[in-house]
K.L.:
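Let me begin by handing over the structure; questions about it come next.
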Amino acid sequence: MTKVNMKVNIAGVELKNPVMTASGTFGSGREYGEYVDLNQLGAVVVKGVANEPWKGNPSPRIAETYGGMLNSVGLQNPGVDEFIEKDIPFLRQYNTKIIVNIAGRTIEDYCEVVKKLGDADVDLLELNISCPNVKAGGVCFGTDPFMVEEVTKAVKKVAKQPLIVKLTPNVTDIVPIAKAAVAGGADGISLINTLLGMAIDIHKRKPILANVMGGFSGPAIKPVALRMVYQVANAVDVPIIGMGGIMTGEDAVEFILAGASGVAVGTANFINPRATIDVIEGIQGYMEQYSIKDLKEIRGSL
Amino acid sequence: MTKVNMKVNIAGVELKNPVMTASGTFGSGREYGEYVDLNQLGAVVVKGVANEPWKGNPSPRIAETYGGMLNSVGLQNPGVDEFIEKDIPFLRQYNTKIIVNIAGRTIEDYCEVVKKLGDADVDLLELNISCPNVKAGGVCFGTDPFMVEEVTKAVKKVAKQPLIVKLTPNVTDIVPIAKAAVAGGADGISLINTLLGMAIDIHKRKPILANVMGGFSGPAIKPVALRMVYQVANAVDVPIIGMGGIMTGEDAVEFILAGASGVAVGTANFINPRATIDVIEGIQGYMEQYSIKDLKEIRGSL
Amino acid sequence: MKSTCYARIIEHIEIAPDMYKMVLSAEEIVKSAKVGQFVNIHCKYPGSLLPRPISICEIDPEFNTLTLVYAVLGKGTKALSQMMVGEEVEMIGPLGNGFMIPEDAKDHIVIGGGIGTPPLLELVKQLKGNIEVYLGFRCHPILVKTFEKYGAKVYVATEDGSVGTKGNVMDILKERKHKADMIYSCGPKSMLWAVAKWAAEQEIKAQVSMEERMACGIGACVGCTCKTKKKQDQDWQNKRVCKDGPVFWSDEVIWDD
Amino acid sequence: MKSTCYARIIEHIEIAPDMYKMVLSAEEIVKSAKVGQFVNIHCKYPGSLLPRPISICEIDPEFNTLTLVYAVLGKGTKALSQMMVGEEVEMIGPLGNGFMIPEDAKDHIVIGGGIGTPPLLELVKQLKGNIEVYLGFRCHPILVKTFEKYGAKVYVATEDGSVGTKGNVMDILKERKHKADMIYSCGPKSMLWAVAKWAAEQEIKAQVSMEERMACGIGACVGCTCKTKKKQDQDWQNKRVCKDGPVFWSDEVIWDD
Ligand SMILES: Cc1cc2nc3c(=O)[nH]c(=O)nc-3n(C[C@H](O)[C@H](O)[C@H](O)COP(=O)(O)OP(=O)(O)OC[C@H]3O[C@@H](n4cnc5c(N)ncnc54)[C@H](O)[C@@H]3O)c2cc1C
Ligand SMILES: Cc1cc2nc3c(=O)[nH]c(=O)nc-3n(C[C@H](O)[C@H](O)[C@H](O)COP(=O)(O)OP(=O)(O)OC[C@H]3O[C@@H](n4cnc5c(N)ncnc54)[C@H](O)[C@@H]3O)c2cc1C
Ligand SMILES: Cc1cc2nc3c(=O)[nH]c(=O)nc-3n(C[C@H](O)[C@H](O)[C@H](O)COP(=O)(O)O)c2cc1C
Ligand SMILES: Cc1cc2nc3c(=O)[nH]c(=O)nc-3n(C[C@H](O)[C@H](O)[C@H](O)COP(=O)(O)O)c2cc1C
Ligand code: FES
Ligand code: FES
């Protein structure tokens, strides 16, 4: 068997392999830790944390669609203080990197969380800009290049860890958005967050989600994710974390070929609790099959 | 059995039922006519016709994805003259409405096709504005409200039949786009056209489509389609034709509940040549089950 | 380390219209299953993705079998109902907290509504002392004989009056004015709320098994929440039905929502 | 009116590594099937949607059976290979134009490459006169004996030289300098191109069966095009492999693209 090197470098942080968890689908690792050895993961990306605890949206929050799912969790989280106190010590027991996903409703919110994380033992920050900007009438931060650059710049100024900006796919053209994040100082880009979707219960004649619309994820969305990763990889020079519908090692390799340095597994965890490990082993198998010694050889090589 | 009335009125044209074919997935009905009785369809929406014959994109043009597919046909068509000569007489043998989908690269292109159709025996026009505007650097007409209003206005001025404008879902916010079409004079809106997607062959390390990216359709995209139909139905007053991933009568009912007057079946035809008929029968069964006498009772009733 | 279980179907029958009993050979799950827990089970149909939560109806440690009883509601349970004896079902479990059986409780009231009935069967098997079971159904009662076999007194109500008292489970329950040490209940939310109110009046502690649409089933996605009171103050919090539940104290749940 | 056919599998065996023969009971299709046509067959795996085109290898009107021979390449053919005798396969067909057999042709050259070989079997069964079959494979030849059984002289080349001549099918073909009335061929595009060039040199009319990724399979989506010359002028057009083909005249196809 060929010895393959799965190490990747994301914004100066070395991961033992490119596979991480997609924010919000893996909690802070505690629950899935019963099904997978967290030591094997490239990184754990924790669920979005905000400055204060958020209660999230009413139930039902989940709907299944053809090859995908909708969620309207609404970023329920216990707040950054509890996160620092309980989740970081838990995760630090493992030999994996910690990436903290950050939620906010204003630029100040985001900065507050990032400041509190300044002294915390975390490796990377992932800024979730798919949140509505309450000061701009609830328009999503991530849909406007000016807002993207502004929030990135503000957060970057106070960030002690390298900053990844996570993009929403609900835009006409992803390229100017990605460029704006880089212009604002992003050390990396992750994409895609969920598409905006809806499902209807025809018997009750009501939307399935209490919140009417929700975030659409899972294998169904992979073609959109892959297209955007490809477009962004050809437009910016920072490392990219690709996600959206990754279920297998083959799916992950598609993202790497499209230009991603890292990949994240989200919805697949719900279907197969060992999905992350299966993806790692799948990538390794592919590398062995084609005698690829380092993922650099194939990254963005279409 | 309750007697149900499936008739719907789209921009002044009465269809015997709300089910039509999605443009480009049914040719001009000739091929599927061997599998389904075209007399049963609410309308046949023919594949996009342009002013001149278009050769389309290189092969491969088709890729399968999880619950969906990509196509990069590139609007190959024999041009409006051949269409008028061969396809209209063929379709007029059947008791169904004819909706002509119109492709163009410039506003003049679109107008030219519409003028040629002025004396032709067709019931409705469907303007496909997901085409790149070559005079605006190849930006898709349908992604900018100003261009949408401009092209709709110009075409409406020369159109002799009622005009439906078909929207692309690859936009940040569908509502201003739909409003622009209505402001330009659209008598109806149809949506969604395909999402932009990509798939990669990891063994050949090349995009599957020769054209790299392509139009993403099929059941996978239904949550996005349904969300957009719901958003547009709540924002404009013209009738809506909903499509995107409709496979069954239940799917179609979701679109009607979201606010659609008509529904179109696309990719499903490729999977089940009788999909249109199954959808008609499924809607009828639902109406009977819940004693719905007219679809008006439930349209947009969430 | 926990893992996905592939359980072979050894029995599968329709016990009432659109109501099925499935017996599975599932040693791994049987070993650790507790009463009131559930499994998250993959039902395969075109486009299917998420597993479906189904309560454990009976646990047989002697034969390492697990019994599930489920109603056909939508695509998932429809697909499940079409599986054959000998086929394998993919699932994870046991999941959730299960019912709490106090050591010293001797007088139990068990209340089930419709497809909320099955998880109460294993419960009754494990309870000691006096057990009264109140069951409500639309028209076709299920499992009544089995409850009796396990030593419970069973009272049945059906909405159409075809079996037992005509009415709902609260009608037969209220008639009895029975004081007890603990109430255990499972069924539609409206029924559980009525049980909660009645239990409060009677000053009996009550456990309610809640339902919610789920994704992960293990507490990671926060998709399946139930509004609950916070002990310390007037505030409330969203608890996870799959991990913090499905069984909650009736006075902990915020019902009017 | 045409319709989807549910054909029962009556035989299913691996005839070479990752190469399967499937015999189906499919009366409807057998009734109208012509040599060189194909069926569009649903292979079911998670997320699957589009059917896969597979050529008809043999038609048996006596027993109403259809034989397909296919290679496992990806998810679809993998799933197909796991189907069991007795199960039903969903498909539409027969589709496409098929090979044209001229009434007066008496001397035939049949050229197959790899998994392009199967459709040529039914062809050879139906040809009359002198038939020479040239087959090229990477390593494991298939169907050779059956071709011989139907009265053809068979010449085999393998790339690794394990059977027959070491090399490709063009190597054995060129050696023979054989003049004939018609060439029929099916295989990888590169091979068909070489056949086209050789046929032009030899001034023999050649038919080539092309492949392309398909969606509808019946000519409606224009997804499966092949660049062809227009007779009247220097211009070209995209023809549909599923409807206008899969069999084209070798001098009609634009190869260098
Ligand atoms: C902890 C728990 C234990 C359960 N135990 C049992 C059991 O023992 N037997 C049994 O028959 N059912 C049980 N259920 C309900 C069961 O999970 C749903 O009936 C099932 O998921 C429906 O799936 P479907 O694909 O058939 O229906 P879908 O097509 O998904 O939906 C059909 C209908 O079921 C409802 N539904 C969908 N998912 C859920 C859900 N997770 N909870 C409640 N309603 C839902 C929808 O609102 C819809 O009206 C339990 C649910 C939970 C949360
Ligand atoms: C008219 C026609 C007749 C055919 N007859 C046979 C036959 O008799 N036996 C046989 O084994 N195969 C035949 N094929 C090829 C067969 O359709 C493909 O091998 C099959 O679709 C691959 O499906 P998959 O899901 O296993 O692979 P995928 O996962 O879809 O792809 C695996 C590989 O196969 C290639 N591929 C996918 N679809 C096609 C396609 N439609 N045509 C060519 N290559 C494709 C891809 O490029 C990829 O490299 C025929 C194809 C056509 C167009
Ligand atoms: C239940 C759920 C919760 C999520 N929560 C977050 C979140 O807190 N922050 C975030 O940036 N993305 C969140 N996401 C988006 C995922 O991280 C990911 O971008 C998306 O689901 C696409 O990947 P997938 O298809 O593999 O799930 C969430 C997704 C799901 C399904
Ligand atoms: C092969 C193919 C060709 C298409 N061609 C056209 C077209 O010519 N004009 C157009 O407006 N839409 C075209 N579409 C888009 C469909 O009409 C429809 O909007 C889209 O596929 C979503 O519906 P579906 O998921 O049911 O297929 C095409 C779609 C496919 C799959
Ligand atoms: S289903 Fe994921 S937390 Fe309960
Ligand atoms: S596959 Fe649709 S035209 Fe050939």
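Each chain gets a letter, A, B and so on, in the order its sequence line appears, and its residues count up from 1.
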K.L.:
Taking side chain as everything from C-beta outward and backbone as N, CA, C, O, which of these in I92(D) sits under 4.5 Å from a heavy atom of chain B? Side chain, backbone, both or neither.
P.N.:
side chain
K.L.:
So which heavy atom on D37(B) is nearest to which on M1(D), and how close?
P.N.:
N-SD, 3.6 Å
K.L.:
For the interface with chain D, which of G27(B), G29(B), G67(B), P58(B) has the highest count of heavy-atom pairs at distances below 4.5 Å?
P.N.:
G67(B)
K.L.:
When rounded to the nearest 0.5 angstrom, what distance separates CZ in R240(D) from CD in Q76(B)?
P.N.:
9.0 Å
K.L.:
Surrounding NZ of K75(D) (heavy atoms of other residues, nucleotides or ligands, distance under 6.0 Å), is the total greater than 12?
P.N.:
no
K.L.:
Under a 4.0 Å threshold between the charged nitrogen and the carboxylate oxygen, would E64(B) count as salt-bridged to R52(D)?
P.N.:
yes
K.L.:
Given side chains that start at C-beta, do those of Y66(B) and P46(D) come closer than 4.5 Å, heavy atoms only?
P.N.:
yes
K.L.:
Need one label for K243(D): side chain, backbone, both or neither, based on atoms under 4.5 Å from any heavy atom in chain B.
P.N.:
side chain
K.L.:
What are the two closest heavy atoms between A215(D) and F270(B), and how far apart are they?
P.N.:
CB-CD1, 3.8 Å
K.L.:
For chain D, which candidate among V73(B), N269(B), T65(B), N71(B) shows the most heavy-atom pairs at distances under 4.5 Å?
P.N.:
V73(B)
K.L.:
Pick one of side chain, backbone, both or neither for N77(B), based on which atoms fall under 4.5 Å of a heavy atom in chain D.
P.N.:
neither
K.L.:
Judged by atom type as modelled, is there a donor-acceptor pair below 3.5 Å linking the side chain of S59(B) to the main-chain atoms of C224(D)?
P.N.:
no
K.L.:
Would the number of heavy atoms belonging to other residues, nucleotides or ligands and lying under 6.0 Å from CZ of R138(D) be above 12?
P.N.:
no
K.L.:
Around atom NZ of K78(D), are there more than 12 heavy atoms of other residues, nucleotides or ligands at under 6.0 Å?
P.N.:
no
K.L.:
Pair I62(B), E212(D) - check side chain to side chain contact (heavy atoms under 4.5 Å, CB included), show working.
P.N.:
CA-CA 9 Å; I62(B) 301 288; E212(D) 196 45 76; over 6 Å; no
K.L.:
Is there any salt bridge (Lys or Arg N to Asp or Glu O under 4.0 Å) pair reaching into residues 42-63 of chain B, and which pairs are they, with sequence neighbours excluded?
P.N.:
K55(B)-D235(D)
K.L.:
How long is the span from the CZ atom in R274(B) to the OG1 atom in T4(D), to the nearest 0.5 Å?
P.N.:
8.5 Å
K.L.:
Below 4.5 Å, heavy atoms only, C-beta onward: do Y32(B) and C216(D) meet side chain to side chain?
P.N.:
yes
K.L.:
Between H42(D) (side chain only) and I271(B) (backbone N and O only), is there a donor and an acceptor less than 3.5 Å apart?
P.N.:
yes
K.L.:
Does the side chain to side chain contact (heavy atoms under 4.5 Å, CB included) test come out yes or no for E34(B) and I218(D), once each step is laid out?
P.N.:
CA-CA 10 Å; E34(B) 298 186 10; I218(D) 66 167; over 6 Å; no
K.L.:
Heavy-atom pairs under 4.5 Å with chain D: which of G74(B), A268(B), A63(B), P60(B) has the most?
P.N.:
P60(B)
